2 protein chains.
Amino acid sequence: MSGKVRRPAPRPPGEPKGAAEQARTLRADGRRNRERLIEAAKAAFGEVGADVSLEEIARRAGVGIGTLYRHFPTRDAIVEAVYRREVVHLAGAAARLIGSMPAGEALHQWMRLFVDYIATKKLIAAALGAIAGRGSDLYSFSAGLIADALALLLDRARAAGEIRPDVDPGDLLRALAGLTYGNADPGWQASALRLIDILMDGLRTPSARAALTPPGRDAPRSRA
Amino acid sequence: MSGKVRRPAPRPPGEPKGAAEQARTLRADGRRNRERLIEAAKAAFGEVGADVSLEEIARRAGVGIGTLYRHFPTRDAIVEAVYRREVVHLAGAAARLIGSMPAGEALHQWMRLFVDYIATKKLIAAALGAIAGRGSDLYSFSAGLIADALALLLDRARAAGEIRPDVDPGDLLRALAGLTYGNADPGWQASALRLIDILMDGLRTPSARAALTPPGRDAPRSRA
DNA sequence: TTGCTAAGCGGAGGTTTCCTCCGTATGTTA
DNA sequence: TAACATACGGAGGAAACCTCCGCTTAGCAA
């Protein structure tokens, strides 16, 4: 019958403590375990659900529960870490994709990745909602990174003459968000991917569209 | 170290079981306690946070923990009950307001209530997110009720000649959602209320606007 | 009003999860 | 290689979850 419940003060006055900043001073094994924990947490959220026990996550990562708590003092902390990691990965993928394929194709693949990202976001949305509500810096952090990545992709594709010149990054982001908004049923992801293919066709310039069929590469959706 | 965690199957095959339907066959004390529990839960969510312990809620309601679990077998169930109750209350308020004041004023007051509703919704959004994701019937239930209420209010106000004739219910709902979207800081609610006052002014016909100042009732924001 | 009965109540207690604490192990630096 | 700081692991206490069952009481019939 104590007065308070669980953690009434989830926001200590200490600074937000960016992931990179604390990785800088972490010992090698510490960094490795931290990585493993995030990986395990992501898998566990996906397979078990947003309310996996933290001990299950530690077990999957092959570390002790104490290690988990040292790296992530609260459940929110680990959820946020998984989310941040997804965002960074998605943003970083833009540059990677640009480097390894034609700009238009890169844009297309990235939009498909975006759907995966939203899926992750939804999965942990329950736990995340609370965080996002408290400190909005997480939200602006992710929104900024993603907007930048999309702008970069569009620039390159436009410069290469693969897409129409009048496409605005903001519009496209809104379109993507719209395609993925409010869907909860199992078929959602497949549907969103189909719509993205169609959208991508609409974005292409006539010449770029024509260039897709003649050679042999008429199936641009090979990558899982 | 068992395989599963907590409640891996939160969606039994039984039908949704509307609140009214099961209240019909409840004994008087049962109905009373159920009501008390929802009331206590709403207060507790507001004062303590979305992760109040269920035992705290039972204590506040003045009932045993067993009673709580009989009425609400899972945490989701009680969260959903609070939410549903808010929605029903908000929708029902439309008819009440229409009956007790001029139609334009009723529309205005109802929009202010809408802000309270969003506040509640946000508060329990963390817990709710999971539910809404699983079964979307809750979402459509609330969206439908609220859209109907708003349409009713608009109809009356339009018929009374208090607002411009070209206002679409969907547009106004979108506007309301927009006013309240994405705000998490403390000042949000006050800001939204101010914006609603402005919006309402814009909706009024010139004659209705003129009719507000001459008499003595020039402070239409009396109601808390 | 009285008595009967099923519906409902309450909370003890087993189970699970959370989280801290501290002795042990290991990476890092000199 | 030695010494030191950093990180690891898991035992264990506190708290929350949830079930189960004996007791109470509302509702009804006579």
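Labels below follow one simple rule: chain letters A, B, ... track the order of the sequence lines, proteins then strands, and each chain is numbered from 1. Everything numeric in this text was worked out from a predicted model, so none of it was measured.
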What's the CG-P distance between A:L54 and D:dA16, to the nearest Å? 16 Å
Take B:R59 and B:E56 through the salt bridge (Lys or Arg N to Asp or Glu O under 4.0 Å) test and state the conclusion after the steps. CA-CA 5 Å; B:R59 202 178 318 123; B:E56 164 86 12; 2.9 Å; yes
Quickly work out the B:Y69 OH to D:dC20 P distance and round it to whole Å. 13 Å
Looking at A:E80 and A:R84, is there a salt bridge between them, counting it only when a charged N and a carboxylate O are closer than 4.0 Å? yes
Under-4.0 Å salt bridge between A:D197 and A:R194: no
Between atom CG in B:D51 and atom C1' in D:dC17, what is the gap in whole Å? 14 Å
Rounding to an integer number of Å, can you tell me how far B:D76 CG sits from D:dC17 C1'? 14 Å
Considering non-hydrogen atoms only, spot the tightest contact between A:A58 and A:L37 and give its length. CA-CD2, 4.2 Å
Rounded to whole Å, the CZ-P distance (A:R75 to C:dT20) equals 15 Å
Assign a letter to each nucleotide of nucleotides 1-11 of chain D from its 5' end: B, base within under 4.0 Å of a protein heavy atom; S, sugar-phosphate only; -, no contact. ----BBSBBBB
Side chains of A:R27 and A:R31 in contact at under 4.5 Å (non-hydrogen atoms): no
What I want to find out is whether B:R60 reaches B:E39 closely enough, with some N-O distance under 4.0 Å, to be called a salt bridge. no
Rounded to whole angstrom units, what separation is found between the CZ atom of B:R36 and the P atom of C:dC9? 10 Å
Let me know the distance between CD1 of B:I57 and C1' of D:dC17, rounded to the nearest Å. 13 Å
